There are 2 protein chains.
Amino acid sequence: MSLKHAVLAVLSHADRTGYELTRKIDGSVANFWPATHQQIYLELKKLDSEGWVTFREKAQSDKPDKKIYSISRSGRAELKRWVLESQAPTPVKDVLLIKLFASHLVSSDVLIDELDRHRVGHEVKLKEYRAIEREHFKSTHISRDALAQYLTLRKGIIAEKAWLEWCEESIARLRASD
Amino acid sequence: MSLKHAVLAVLSHADRTGYELTRKIDGSVANFWPATHQQIYLELKKLDSEGWVTFREKAQSDKPDKKIYSISRSGRAELKRWVLESQAPTPVKDVLLIKLFASHLVSSDVLIDELDRHRVGHEVKLKEYRAIEREHFKSTHISRDALAQYLTLRKGIIAEKAWLEWCEESIARLRASD
DNA sequence: GAACACATGTAACACGTTACATGATTGC
DNA sequence: GCAATCATGTAACGTGTTACATGTGTTC
């Protein structure tokens, strides 16, 4: 449902190959709607058969040939229509919370170790995002077009900070309860 | 993959009917792994055929009969095995971020309205969670068993606060850019 | 009389993952 | 020689959603 529009959204900024869409190039789809390359190639095929994207094949001598996809006029119209629809918040799904909910079955040491691994992971992500912020959005005035992309980055930063805060708090509470 | 274990996790605390599992009773599965009742009835059937849950049928005169499910010894063992596995963080998936990424196609007024709707939604959720916190976790000393459940609530509270912060910041930035 | 809460289920379809398959170039 | 990056694809399977179906009791 959403991957279709996620792909269109990225193509509305720049032409891309299927391969590029699966990578986290320039902070696009992969960051907020990850998918495998199989999934993306399939969607591109569907988008093509609906006329929402077009592609041109480009032969390369040193690397495999590639297909460069572009959003079409009707694709852009469809994307706009979809963006204009009001959106219910995406429900939270988190495996770690399920594990926590069942954690009365294991020792708190095991739990603390797991939480600490997650803490470190979120710390790393936060640093990455902050580096992107410094590099690409340092100027005081940001264009309207860049602003929207900046806000998705800000979401990443704020969410990672929240994760960190929660991991630290949880570890402290578990330590205190022993 | 995870719904199976989410259901086991809830049943490890108390017996439940399929119907109860689909509701947000006592802040269980529905809060961090939402699923439709069809999905849950199907999983319960699978869990039963694997011997991880058992059920007893209870006839009711005023309401439809129901099946009360319990976790079995092997189910508890399986749940423990699964909890002990180290978990990669659940990847972020968020439709709103896709829309933001494509928002250069629409006016900033439309965007601000949408962000404000989300802001209000998160405000309401935050209040709900805080009410649960006041009601159920007011004492200074919380048992180890209750602590794990409290931490899932804390995750909800911290995440909603982060959402609010981001919505407010984003609206302000969009207003300033006009 | 309509809508909602309780309570369970089947069937068809859409979405997503894993495994398998191919093949060139570049770096260790 | 082995692994990684670039680049695309098929097939089988598993997960999740939507629509449809049934039936009682309570509230507006």
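Quantities reported herein were computed from a predicted structural model and do not represent experimental measurements. In the text below, chain A, chain B and the rest are named by the order of the sequence lines, each starting its count at 1.
- D:dT15 atom C1' lies 9 Å from atom CG of B:L3, rounded to whole Å.
- Between A:K67 and D:dG9, a side-chain N or O to OP1/OP2 separation shorter than 4.0 Å is present.
- When the P atom of C:dG16 is taken as reference, atom NE2 of A:H37 falls 16 Å away, rounded to whole Å.
- Within a 6.0 Å sphere centred on CZ of A:R175, heavy atoms belonging to other residues, nucleotides or ligands number 12 at most.
- Taking atom OH on B:Y41 and atom P on D:dT15, their separation rounds to 20 Å, with Å as the unit.
- Ring pair B:H13/A:H104 is tilted by interplanar angle, where 30° to 60° counts as tilted.
- Regarding B:Q39, its CD atom lies at a distance of 14 Å from the C1' atom of C:dA11, rounded to whole Å.
- The shortest distance between the side-chain N/O atoms of B:K46 and the OP1/OP2 oxygens of D:dT15 is below 4.0 Å.
- Rounded to whole angstrom, the span from the CD atom of A:Q38 across to the P atom of C:dT22 amounts to 16 Å.
- Protein atom CD of A:E43 is 14 Å distant from nucleotide atom P of D:dT10, rounded to whole Å.
- Here the shortest heavy-atom pairing between A:I40 and A:A35 reads CG1-CB, 4.1 Å.
- For D:dT8, the OP1/OP2 oxygens have no side-chain nitrogen or oxygen of A:Y19 closer than 4.0 Å.
- The side chain of A:K66 places no N or O atom within less than 4.0 Å of a non-bridging phosphate oxygen (OP1 or OP2) of D:dT5.
- For the pair A:E20 CD and D:dC6 C1', the computed distance is 10 Å after rounding to whole Å.
- In this structure, the nucleotide among C:dT18, D:dT8, C:dT8 sitting nearest to the side chain of B:T17 is C:dT8.
- A sub-4.0 Å separation between OP1 or OP2 of C:dT10 and a side-chain N or O of B:K45 is present.
- The distance from atom NZ of B:K93 to atom P of D:dT15 is 15 Å, rounded to the nearest whole Å.
- In terms of position along DNA chain C, the nucleotide closest to B:G18 lies nearer the 5' end than the nucleotide closest to the other residue of the pair A:L42 and B:G18.
- Relative orientation of the A:W166 and A:W163 rings is perpendicular, given thresholds of 30° and 60° on the angle between their planes.
- Between B:F55 and B:Y69, the ring-plane angle classifies as tilted under the 30° and 60° cut-offs.
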